[in-house]
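Below: one structure, written as structure tokens.
Reckoned from all heavy atoms, side chains included, excluding hydrogens, waters and symmetry mates. Within every chain, numbering begins at 1; the chains are lettered A, B, ... in the order of the sequence lines, protein sequences first and strands thereafter. The structure presented is a predicted model; accordingly, all values stated were derived computationally and were not measured.
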Protein chains: 2
Amino acid sequence: MAIAASALSGRVRKRVVILGGGFGGLHAAMGLAKLPVEVTLVDRRNHHTFQPLLYQVALAVLSPADIAQPIRSILRNQKNVEVLMDEAMSFDLETKQIHLKTGARLEYDYLVVATGSTHSYFGKDEWAKLAPGLKTVEDATEIRRRVLLAFELAERQMLESGSHPPLNFVIIGGGPTGVELAGAISDIARLYMAKDFRHIDPSEAQVMILDGSPKILGVYPEDLQAKARKQLEALGVILRTNAHVSDVQPGYVMVGEERIDAVVTLWAAGVQASPLGKLLGGETDRRGCVLVDEFLNPPGHPEIFICGDLAHVMQDGKQVPGVAQPAMQMGDFAAARIGRLIGASRGSEGTGQNKGFRYWDKGDMATIGRSAAVANIQWPFKAHWSGFPAWAAWLLVHIFFLIGFQNRFSVFWSWAWTYVGERDGVRLITGSQELPGWVNEEQPAGEPVTKPLDIGSPVSN
Amino acid sequence: MAIAASALSGRVRKRVVILGGGFGGLHAAMGLAKLPVEVTLVDRRNHHTFQPLLYQVALAVLSPADIAQPIRSILRNQKNVEVLMDEAMSFDLETKQIHLKTGARLEYDYLVVATGSTHSYFGKDEWAKLAPGLKTVEDATEIRRRVLLAFELAERQMLESGSHPPLNFVIIGGGPTGVELAGAISDIARLYMAKDFRHIDPSEAQVMILDGSPKILGVYPEDLQAKARKQLEALGVILRTNAHVSDVQPGYVMVGEERIDAVVTLWAAGVQASPLGKLLGGETDRRGCVLVDEFLNPPGHPEIFICGDLAHVMQDGKQVPGVAQPAMQMGDFAAARIGRLIGASRGSEGTGQNKGFRYWDKGDMATIGRSAAVANIQWPFKAHWSGFPAWAAWLLVHIFFLIGFQNRFSVFWSWAWTYVGERDGVRLITGSQELPGWVNEEQPAGEPVTKPLDIGSPVSN
């Protein structure tokens with residue numbers, strides 16, 4: 001067997017290229033650690049992002065460095081991996097080559113494509129600037145910037161004119177991300193910012209979730225949906241289901257003919273797969289995910305594995321969801337399968353990675369503010385939890401899965417401080433210090449308010 | 001006395017406007033805490049930055065949130081202060097009004113101007129993009145981005161063509177900032193990145209300081225200059241004094257007729273005062289600093305105080321330096337002086353704030369890499385320290401002066417981890433993931449390297 005021979009020689013080891021350093025790509029790389037292969041992991045960013053906690057960066061609880069870590073550092077001690085900061089642009093599937101953005105080509109024997117997904121604005125790309133989504137560290141700091149600036153603007157308007165437009169935060173999309181953002185904004189406004197302003201009352205901020213479907217958290221069982229709804233309403237979040245957003249404009253959102261004012265609009269509605277999926281020759285679904293067989297291969301390419309959000313995997317009549325756990329498991333599977341194909345893995349025919357991929361669903365969780373959550377637990381026992389127990393479970397699981405001891409410590413510490421209400425160091429507005437023009441719409445730019453400010457009497461108030 | 005009467009009424013309290021939330025402005029605000037005045041602090045940013053540690057953010061040791069804190073949070077419990085995120089554009093000194101960028105006007109009885117300084121490129125503003133300076137959190141993340149990307153680019157070039165241009169980092173300016181940046185880059189390259197790359201040797205990076213004067217750290221005594229020089233040379237830093245930079249170009253710097261290649265060029269050479277200084281009617285020095293009298297007032301305006309970098313204060317024939325300590329002391333002085341002017345401060349004529357401002361110099365320190373420094377100690381005893389003792393002293397002083405217990409803890413923790421060599425979470429490249437075009441000069445963009453990569457054999461190497 002040619003493969004076994006090459007595995008012995010050391011020099012002509014099989015080359016595995018992994019595209020993407022998210023959960024899928026990273027797990028594939030780590031799964032290949034002990035195999036006689038040479039691995040190149042390509043990502044256009046230098047860091048892995050722990051996406052389940054990204055909303056906490058957006059809402060000023062954690063710092064980017066708490067949840068992101070350089071891919072090089074994570075894989076530092078794995079000698080058969082090298083990391084390349086670049087971007088795949090196209091494939092030559094015949095000669096097994098990848099064309100990179102910088103112009104170079106990369107050869108592979110096995111290819112793992114785990115380039116994930118990004119926001120989909122359903123063809124309305126002009127909405128992207130008005131309603132940012134949450135996929136990257138930069139997205140998170142942009143959302144943070146907008147939310148914090150909205151309060152600053154209101155304070156200034158209060159000083160200048162004695163009134164300010166209502167602090168409406170509109171979140172489009174009622175899935176886990178939308179719910180987590182809503183809970184976190186409500187927390188910030190009610191708990192952490194209340195004492196910081198002299199003229200506005202941050203707790204008057206109004207958070208609204210708009211979802212086009214009849215329910216929020218549609219992937220959860222109905223009893224947990226109801227509990228989530230109750231917990232959100234207890235935080236003052238307004239839930240509008242069956243609400244089809246027809247337009248997003250500076251300062252407002254249209255739902256049918258109704259105008260809903262919004263100082264900040266956030267997008268948590270749709271995702272689309274990485275465009276690389278369409279270049280792999282196989283079929284893709286309407287979001288661009290690649291239809292794969294039981295081995296995560298697109299048809300006719302047993303050497304190519306699709307992992308994570310980019311893979312369209314059906315199991316028991318349902319599509320495996322595009323979240324962290326399945327991505328990790330797919331990465332693990334791809335690595336094990338490659339081991340088998342090169343004849344390096346233990347186990348005889350008919351066992352282990354001759355079986356197809358099967359997602360082991362341990363459950364889902366979504367937090368709702370500072371001390372509530374819903375948890376649809378599948379393992380080690382089945383249960384539906386909500387409220388504080390669900391939140392505590394969420395906390396433990398996320399601390400556990402964070403990469404790196406130091407991050408865990410830092411995140412735990414930040415959470416503890418946030419919980420006692422003393423954390424405010426990450427409430428930084430970076431990037432443009434200008435308030436977005438679209439927030440300011442009511443006041444034509446350049447027309448100065450010339451009356452002297454009555455700055456009031458903060459002491460005697 | 002009208003002032004005393006107003007101080008009693010509560011409603012017609014004197015209005016103090018403070019421009020700038022740096023060390024000067026913040027100390028002025030805090031010094032006014034117990035006085036019967038209404039304070040408005042205006043800053044165009046929402047956060048105070050602990051500038052002495054900014055270089056550690058630039059070189060990926062600390063996170064922005066470790067050294068920056070929202071001004072609102074710092075002053076949260078001081079009820080006579082309000083914070084306004086805006087920017088002063090001009091003054092009406094007759095009617096005592098400030099025109100803000102958003103068009104509003106702000107009235108004052110007393111005005112503290114502490115808007116600091118920014119980089120000066122000596123009229124060559126086109127150099128700013130090529131050689132960023134270090135004044136803000138955004139500057140720091142931009143420097144971090146460039147330094148880290150330079151290593152990524154070299155690794156990629158090595159893969160593509162088997163060679164890369166030398167990793168030369170050129171720092172223009174040999175003052176404390178230049179020295180601290182140089183030491184930190186050297187540390188990163190030698191200690192922390194060495195294991196992260198497979199093809200390049202990060203420790204081959206070459207750091208160079210260019211200074212136009214005959215010496216580096218010119219403000220320090222000569223024995224400490226010599227020691228700093230030795231410590232820098234031990235880190236492999238090349239020091240070039242009497243080196244007048246005549247041009248900064250993409251990929252290189254000209255010193256006279258000599259071309260010095262640089263993958264990254266940083267600016268630590270000159271500063272210029274905030275442009276507001278020139279609008280205050282008085283005389284300014286060549287950097288735009290306002291010449292003030294012993295009470296920090298510009299001539300003819302006892303109600304205006306200039307604090308921090310913006311003030312040109314002479315003491316014992318020398319100009320008080322533009323660093324943190326004098327700024328804090330000037331802020332304290334201005335607050336006390338205002339208390340005296342409104343008749344609210346304790347103490348009789350001829351004592352306390354009837355005396356002019358006097359800078360109490362406790363000494364200066366600059367770190368040189370991970371465990372060395374120079375310290376010119378003036379208080380509580382006079383001493384010249386260098387090496388590890390100076391570094392330990394630096395560490396204690398900076399931990400002590402950081403605002404907020406949580407920051408202190410987090411910074412201390414990060415330092416401890418960095419010291420043992422395990423810290424890498426902040427080595428994030430955010431913002432553009434593109435390598436700056438000017439680094440890539442040698443390879444015309446758009447011309448693909450079409451030969452397949454020899455990705456080498458990382459295992460057997």
Subject >> Reported CG-to-CD distance for the pair Leu159(B) and Glu82(A), which is rounded to 0.5 angstrom >> reply: 5.0 Å
**OP:** Determine the minimum heavy-atom distance between Arg156(B) and Thr102(A), stating which atoms define it.
**Re:** NH2-CG2, 2.8 Å
Original post:
Contact part of Gln78(B) toward chain A, heavy-atom cut-off under 4.5 Å: side chain, backbone, both or neither?
Top reply: backbone
Subject >> Arg427(A) CZ to Ile71(B) CD1 distance, which is reported to the nearest 0.5 Å >> reply: 13.5 Å
Original post:
Hey, does Asp196(A) have a side-chain heavy atom less than 4.5 Å from the side chain of Pro70(B)?
Top reply: no
Subject >> Min side-chain heavy-atom separation Thr430(B)-Arg45(A) under 4.5 Å >> reply: no
**OP:** For residues Arg198(A) and Arg72(B), determine if any side-chain heavy atom of one lies less than 4.5 Å from a side-chain heavy atom of the other.
**Re:** no
Original post:
Are side-chain heavy atoms of Met85(A) and Leu149(B) found at a separation under 4.5 Å?
Top reply: yes
**OP:** Counting only heavy atoms closer than 4.5 Å, note whether Ile67(B) contacts chain A via side chain, backbone, both or neither.
**Re:** neither
Original post:
Considering all heavy atoms of both residues, which atom of His47(B) and which atom of Ile429(A) are nearest to each other, and what is their separation?
Top reply: CE1-O, 3.1 Å
Original post:
Atom CD in Glu155(A), atom CG in Asp86(B): separation rounded to 0.5 Å?
Top reply: 12.0 Å
Original post:
Got more than 12 heavy atoms from elsewhere within 6.0 Å of CZ, Phe197(B)?
Top reply: yes
